[in-house]
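Comments concern the structure below.
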Amino acid sequence: MLEKLAILTIQLVVLVTALTSVVLTLVWVERKALARLQRRMGPMRVGPHGLLQPVADALKLLVKEDLVPAQADKLLFWLAPLVVFVPSYVIWITIPFGQGLVVRSMDMGLFFIVAFSTLSIVGMVMAGWGSANKYAILGGLRSVAQLISYEIPIIMVVIAIAMLPQSLNLSTIVEDQRAVPYALLQPLGLLIFLIAGVAEVGRTPFDIYFAESEVMGGPFIEYSGAHWAVFFLSEYVHTFAIGILTALLFLGGWTFPLMPDVVWLGFAWVMLKTYLVVLVIFWFRGTFPRLRIDQLMSFGWKVLIPLSFVNILITAACLFYGLPNVVMGLLSLAATAAVAYAIYRRMTLPARETAEQRMARARAYRRVEVRDAG
Amino acid sequence: MAIDKQLDTLEVMLNMGPQHPATHGVFRMVLSIDGERIVDVEPHIGYLHRGSEKLCEHEQYSQIITLFDRLDYIANFNNELVVCMAAEKLMGTEVPERAQYIRTILCELNRIASHMLFYGTFALDAGAMTPSMYAFRERERIQQIFEATSGARMMHNYFRIGGVKQDVPEDFSQRVAASLGPIKETIEEADNLVTFNEIFLARSRDVGTIDGKTAVALGLTGPNLRASGVDYDVRRVQPYLVYDRLDFNVPLGDRGDCWDRFWLRIREMDESVKIVEQCLAQMETGPIMAPMRRISRPPKGEVYVHAENPRGDLGVYLVSNGGDRPYRLKIRPPSFCNLMSLKHMMRDAYVADAIMVLGSIDIVLGEVDR
């Protein structure tokens, strides 16, 4: 009994430490990646190529004064970071990093992850309300609307995934992808998962609840020092979780393509895939503008959720009639392409046409005037 | 409990600014919001008031120019130009050809620099952080040309009544021509990165619309007016400098929404590049300053001169009593007049739109508050 407890404690300590250091690397990677996109150098001063910058930042945040607004609801204000922090770490108990590299391999693993990651919404509202700041309240309310709406497509995608290996255990799901990763079977699912995942962690283009240029940090506006750092930490842990879940659920985790059953190789493989997905999320941040909250909601409810139903339907139909995997993949891909084209048709194409017509009109005006003058 | 019973909701006052990062300076909006929807907006200005118009009455004409640099500090050359033109018109000075071309090139380059800044900051308002870096890269190119020409990056004090301070550097034409290529590339990049981006279109299309009639009634000028479809560009309506010899288009919008205002400014950069290219080709050597007395004393009289600034129609009403200082000087700042449309544009908008609308008007507080 005591032995088991000791092992569990060691496992947890290792997990938390590893995750926290992963976050530090992520901060560095994000800053460097963004700097690359923006023709900057990024951090260069602390350590070689700014490698120690995150450490310096963390130290700075820890020694900074921790301000509490006079009007704040102190209890909520103090508790909020913890409520956001704990769920974002708890989900890692059942996430495997490689073959057998998992604290608790649960048969309800995916369910556990989805259920716990939803909890952090409560912390956002607490922070928003407790700060006694109108921007924070606005941001807090936005975060509830956003996170709840985008939880649904994630659950739907997870259901479609679970249908393939008939399991919610992450290790089983990964082992099932030894031949074909689910990204090829459900490209639509991958797209929905990535979009909803990005919305879930509130990253561009869905960084609506703490939008700097609108609500100036939203729920976090009044936080400083260590408490802010905790929010920051959980945000990055959450991003990393979305990355590793994408890698495990869609990219074949440690199995695909043709990985030998060596634990550390599998681990490296998973990490590589995770960092790739995370880099894509950072890439979004360097590219996209931000949606508005009502557009976010209508996109979530009118586009993503119906699409996730379509995803389930395609999967179910193919499984029920025993259609080959190719059909499932193609159907899913067709649905994805149709949606992309519909959006292009509705948004970009009319704008491009309008622009061309207007310029033609402007040029025509000039010609008439020249003729008159001549 | 009856379901159809209305909930008591409260309008919340949200104070945006003067320290809000997206108000582009020290501007303050008091928003009344109902949830995310804006019910009313009250702009508060004056945080940057320096009394420029009154100061002008106490300075000699040559000293006023530098005060104009500090009005619209994003488009300094265009500001300097108007006050110089006012005094020149009053004195009947003929500005030499070369000086006219130099002024046109610098003003158009400044328009590009100003619109570049708009492109960057508006994208930033919309939540895209990268375009601002690209925009500043191009602005920096132009800024360096300005520095080489006038010795200052922003407060140039380069235009003089009757010409310009000194001739441009020898490699001026090459430098300008060399920087136009990358600028064109960046404009194209802006179209691909922002203008026709689906998310950006969703954010800006049909947001903050204003129709042409209202726009005219409110005294809107510049890109904001043209975005509503009103064909009014001082460069074409009342050509000054050498604009009557140049071939350029005046693009027009039709809906008068945020996207039209954005798109229009991007297109204006295209046109400015064309103008600069033509000027470089047409420019010849010659004197850069009309024969002037050391201290300008315009004859008794009054004059109103206006020109197309990046932000709109900047006018100067100058009254002279024959002395070396203006008797009275009134500025018609385009930003100030454009700002009056805020209430109309923000009708039924969301909080997030407030930032977009304010950004799309493209105000410079130095000019609003004077």
Side-chain angles (χ1 to χ4, degrees), chain A residues 34-40 133-135 137-138 141-142 145 204-208 211-217 283-299 340 343-344 346-352 354-355 357-367 369-370 373, chain B residues 12-16 19-22 33 35-37 121 123-134 137 191 193-205 207 231 236 244 247-255 259-260 263-264 266-267 270-271 350-356 359:
Chain A
L34 270 182
R36 271 274 165 211
L37 289 173
Q38 299 171 344
R39 56 166 226 110
R40 297 185 284 120
N133 182 310
K134 284 168 187 170
Y135 287 104
I137 293 174
L138 215 57
L141 295 179
R142 281 176 173 191
T204 318
F206 306 108
D207 55 340
I208 293 168
E212 274 162 44
S213 61
E214 291 157 26
V215 289
M216 303 185 287
W283 182 18
F284 287 169
R285 185 169 174 213
T287 312
F288 289 132
R290 181 188 307 120
L291 276 168
R292 203 169 59 203
I293 184 75
D294 62 309
Q295 290 163 346
L296 171 96
M297 298 299 278
S298 64
F299 181 70
I343 291 176
Y344 172 78
R346 194 156 159 249
M347 308 299 302
T348 306
L349 201 61
R352 286 228 183 241
T354 320
Q357 282 165 12
R358 285 180 188 165
M359 280 319 288
R361 225 179 299 145
R363 274 181 226 117
Y365 175 91
R366 189 63 196 166
R367 268 201 295 280
E369 202 198 43
V370 169
Chain B
V12 178
M13 299 279 269
L14 186 68
N15 189 27
M16 210 173 249
Q19 280 100 8
H20 192 284
I33 52 172
E36 282 270 343
R37 209 167 259 285
T121 52
L124 210 55
D125 287 342
M129 59 195 299
T130 307
S132 66
M133 309 286 172
Y134 296 164
R137 172 185 61 198
D191 275 344
L193 193 60
V194 180
T195 317
F196 297 109
N197 177 293
E198 281 83 358
I199 298 174
F200 182 76
L201 281 164
R203 278 301 302 280
S204 59
R205 214 73 172 109
V207 167
D231 192 0
R236 182 188 273 170
D244 48 351
D247 176 41
F248 60 97
N249 302 314
V250 177
L252 296 177
D254 41 37
R255 294 197 206 177
W259 188 79
D260 279 7
W263 173 83
L264 200 87
I266 301 287
R267 293 289 77 76
D270 276 336
E271 302 304 323
Y350 290 89
V351 174
D353 293 337
I355 305 298
M356 295 286 279

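To find a chain, count down the sequence lines: A is the first, B the second, and so on, and within it residues start at 1. In what follows, every heavy atom counts, from backbone to side chain, and hydrogens, waters and symmetry copies are set aside. Bear in mind that the values here come from a model prediction, so they are computed numbers and not experimental data.
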CZ of A:Arg290 to CG of B:Asp125, rounded to nearest 0.5 Å, is 9.0 Å
State, with a plain yes or no, whether a side-chain heavy atom of B:Val207 is found less than 4.5 Å away from one of B:Tyr350. no
Only pairs of heavy atoms separated by less than 4.5 Å count here; which of B:Val12, B:Thr195, B:Ile355, B:Leu14 has the most with chain A? B:Leu14
CG on B:Asp270 to CZ on B:Phe248, rounded to 0.5 Å: 14.0 Å
Within the 4.5 Å heavy-atom criterion, are B:Ser204 and B:Trp263 side-chain neighbours or not? no
Can you tell which of A:Arg142, A:Arg352, A:Met359, A:Arg285 has the highest number of heavy-atom pairs within less than 4.5 Å of chain B? A:Arg352
Select one option (side chain, backbone, both, neither) describing which atoms of A:Thr348 are under 4.5 Å from chain B's heavy atoms. both
Tell me, out of B:Met16, B:Arg137, B:Met356, B:Met13, who's got the most heavy-atom pairs with chain A below 4.5 Å. B:Arg137
Under 4.5 Å heavy-atom distance to chain A, tell me which part of B:Ile33 shows up: side chain, backbone, both or neither. side chain
Measuring heavy-atom distances to chain B, does A:Phe299 have an atom under 4.5 Å in its side chain, in its backbone, in both, or in neither? neither
The reported gap from CG in A:Leu37 to CH2 in A:Trp283 (rounded to nearest 0.5 angstrom) is 8.5 Å
Interface moiety of A:Ile137 toward chain B, non-hydrogen atoms closer than 4.5 Å: neither
Do B:Val351 and B:Arg37 make a side-chain contact, defined as non-hydrogen atoms from C-beta onward lying under 4.5 Å apart? no
With chain B, the option among A:Arg40, A:Lys134, A:Met347, A:Arg292 that has the most non-hydrogen atom pairs under 4.5 Å is A:Arg292
Quick check on the interface: out of A:Ile293, A:Thr354, A:Ile208, A:Leu291, who has the most heavy-atom pairs with chain B under 4.5 Å? A:Leu291
Do B:Asp244 and B:Arg236 pass the side-chain contact (heavy atoms from CB on, under 4.5 Å) test, and can you show the C-alpha distance, the side-chain angles, and the key distance before you say yes or no? CA-CA 7 Å; B:Asp244 48 351; B:Arg236 182 188 273 170; over 6 Å; no
Any idea which of B:Pro131, B:Ala354, B:Gly253 has the most non-hydrogen atom pairs under 4.5 angstrom with chain A? B:Gly253
Minimum side-chain heavy-atom gap B:Asp254-A:Arg361 below 4.5 Å: yes
Is B:Arg267 in contact with chain A via its backbone, its side chain, both, or neither, using a 4.5 Å heavy-atom distance? side chain
If one checks every heavy atom of B:Glu36 against chain A at 4.5 Å, the contacting part turns out to be side chain
Test your reading of the model: is there a side-chain donor-acceptor pair from B:Arg203 to the backbone of A:Gln295, 3.5 Å cut-off? no
Please look at B:Ala126 and chain A and tell me whether the side chain, the backbone, both or neither of the residue comes under 4.5 angstrom of a heavy atom of that chain. both
